[in-house]
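Report on the following structure.
Chain naming here is simple, since letters A, B, ... match the order of the sequence lines and numbering starts at 1 in each.
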Protein chains: 2
Amino acid sequence: MDVARGEVLVISTSVACRSCQARHGVFCGALSAGQLSELGRHSLRRKVDAGCEIIAQGSENSFYSNITRGVVKLCKVMSDGRQQIVGLQFAPDFVGRPFVRESTLSAEAATDAEICVFPRNLLERMILETRELQRSLHAQALNELDAAREWMLTLGRRTAEEKVASLLHLIAAHAETATSTAFDLPLSRAEIADFLGLTIETVSRQLTRLRKEGVIRIENIRHITVPDMDALAKKISG
Amino acid sequence: MDVARGEVLVISTSVACRSCQARHGVFCGALSAGQLSELGRHSLRRKVDAGCEIIAQGSENSFYSNITRGVVKLCKVMSDGRQQIVGLQFAPDFVGRPFVRESTLSAEAATDAEICVFPRNLLERMILETRELQRSLHAQALNELDAAREWMLTLGRRTAEEKVASLLHLIAAHAETATSTAFDLPLSRAEIADFLGLTIETVSRQLTRLRKEGVIRIENIRHITVPDMDALAKKISG
DNA sequence: ACGGAGATTTGATCTGGATCAAATCGCAAT
DNA sequence: ATTGCGATTTGATCCAGATCAAATCTCCGT
């Protein structure tokens with residue numbers, strides 16, 4: 001992680017960082033007070049701008065983090081430049097691949113975000129020591145695996161229109177607003193294309209097609225409203 | 001699982017089934033002698049024919065199993081019949097999705113296979129009791145997640161020729177022969193198409209193209225030899 | 001060996017999405 | 001307000017892979 005690209009907000013020194021304790025999914029209820037305190041002494045809360053690379057593909061996994069705000073995209077790039085987003089993570093997901101030296105993907109903030117960073121060694125020690133943390137990370141890994149496999153079906157077998165509708169549905173499900181019929185897209189058209197295995201032109205055309213069909217309204221480039229969520233769901237063949 | 005479709009080989013009664021102890025990846029070294037014995041008393045070694053459905057999509061997860069021989073495909077089917085293979089599993093992989101009631105995918109023997117089946121409740125209890133088993137299943141989940149994400153790149157961004165070469169490479173890597181330059185395909189052309197998000201015609205054409213280029217030899221429909229593994233690898237853009 | 005049915009290959013044509021090209025939009029800096 | 005530039009949309013054309021159609025091949029049962 002290039003510290004110069006993000007702004008360090010807080011370096012906790014003697015106690016666990018309070019805002020993190022409450023919001024960090026995998027640690028919630030998994031660690032003792034003493035462990036939280038130790039983790040807090042070594043954790044770093046960071047604010048990262050959209051586009052900031054948190055983990056580089058091929059780099060060493062020397063730290064892990066939790067997302068406390070914003071959206072993070074997981075991306076794989078081929079040597080000729082083709083790339084594929086292989087996962088989106090939202091607060092309070094855990095970011096990183098325990099027990100493997102080199103990262104096979106990059107993690108990049110898709111929106112402005114806040115993360116809480118822990119050193120690799122400390123976290124791996126705590127995983128081995130603490131059954132509940134192991135269980136919690138295992139559960140997240142299984143959920144991500146389910147999501148990845150669901151997305152494999154989308155990538156392999158759905159049409160462009162179904163792909164775009166699937167993505168809108170996914171984002172709506174994670175939107176923080178209570179209504180979730182209106183939400184901001186955390187991704188640019190190019191990123192959407194990289195997630196769906198399409199080109200930006202096709203993404204754009206399918207969005208305008210959904211707009212013309214009345215399934216969505218494009219309030220502005222990054223903001224969508226869905227008058228009838230069922231109509232959107234019907235665009236995705238089960 | 002429809003018992004009528006498979007043949008029960010052994011019902012272990014008073015000791016853990018010996019052939020399983022040695023070969024079951026996730027249990028190897030993870031369970032105590034007493035636990036292995038208990039597991040053995042409740043496990044069932046089964047021989048399943050190619051095509052036998054081990055877990056049905058949408059069914060209740062009422063048991064788990066380990067593969068002791070053969071290849072199992074994980075498959076998702078859409079209501080209109082389109083389908084996508086989302087994973088291949090080889091001995092000694094663990095099959096099943098702990099902690100979730102309903103299966104979101106089906107597991108089917110791709111080749112004749114042998115599996116060892118355990119009841120859900122027993123296994124989930126042992127996972128909670130036994131840190132080492134939890135760790136071992138966590139590790140498998142993370143490996144499967146890596147594989148799924150690698151495959152997402154293939155599905156979203158590689159060409160048909162690259163996809164077919166990727167699959168051959170994957171299968172060669174899991175082939176049991178020491179040389180691994182000659183191997184049997186565990187999948188039919190239709191299954192390959194479902195794995196790669198292609199049609200059978202395209203798969204067939206790409207295979208004959210690789211044959212004409214001298215990258216592979218098709219000894220017979222299910223048996224391939226690769227004279228030069230590097231030549232095959234070069235067909236897959238990194 | 002013979003028939004037959006499914007699996008695979010091969011051929012001809014079509015098409016969804018890619019590519020190439022050109023507006024237009026959005027917005028930050030002046 | 002004006003300029004400039006990257007992001008997005010829209011249009012025209014192309015092509016990889018799908019679809020439709022027809023041989024072959026495999027292998028099983030008789």
*Footprint string (nucleotides 10-22 of chain D, 5' to 3'): B base within contact, S backbone only, - free, heavy atoms under 4.0 Å*: BBB----SSBB--
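Inter-residue side-chain proximity for B:Cys116 and B:Ser65 is flagged as unmet; no heavy-atom pair is nearer than 4.5 Å. Put simply, the side chain of A:Arg97 reaches to within 4.5 Å of the side chain of B:Asp146, judged on heavy atoms. No side-chain heavy atom of B:Lys163 sits under 4.5 Å from any side-chain heavy atom of B:Glu161. Using a 4.5 Å heavy-atom cutoff, the side chains of A:Gln140 and A:Asp93 are in contact. Looking at heavy atoms from C-beta onward, A:Leu153 lies out of side-chain contact with B:Gln83 at the 4.5 angstrom threshold. B:Leu210 is listed as a side-chain neighbour of B:Val164, based on a closest heavy-atom distance under 4.5 Å.
Nearest heavy-atom pair, B:Pro227 versus B:Ile216, reported as atom, atom and distance to 0.1 Å: CD-CA, 4.1 Å. Summarising the geometry of B:Gln84 relative to B:Asp194, their closest heavy-atom pair is NE2-O, 3.1 Å, with the distance given to 0.1 Å.
A:Glu201 has no carboxylate O lying under 4.0 Å from a charged side-chain N of A:Arg189, or vice versa, which leaves the two without a salt bridge.
To the nearest angstrom, P of D:dT9 lies 9 Å from CD1 of A:Ile192. With rounding to whole Å, A:Ile221 atom CD1 is found 11 Å from D:dG6 atom C1'. Atom pair A:Ile218:CD1 and C:dG26:C1' shows a separation of 15 Å (rounding to whole Å applied). To the nearest angstrom, P of D:dT8 lies 12 Å from CD1 of A:Ile224. In this entry the distance linking CZ of A:Arg222 with P of D:dT9 reads 11 Å, nearest Å. As rounded to whole Å, 7 Å separates atom C1' of D:dT8 from atom CZ of A:Arg189. A:Leu207 places its CG atom 14 Å from the C1' atom of D:dA7, with the value rounded to the nearest Å.
Axis angle, first five pairs versus last five pairs of the helix from C:dA1-D:dT30 to C:dT30-D:dA1: 40°, rounded to 10°.
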*asked:* Is there a ring pair (Phe, Tyr, Trp, His ring centres under 6.0 Å) between A:Phe63 and A:Phe118? Walk through the geometry before answering.
replied: CA-CA 6 Å; A:Phe63 59 90; A:Phe118 326 101; 9.7 Å; no
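For the segment residues 70-84 of chain A, the set of residues with a heavy atom within less than 4.0 Å of an atom of DNA chain D is empty.
Looking at A:Thr202, its side chain never comes within 3.5 Å of a backbone N or O of A:Leu198 through a donor-acceptor pair.
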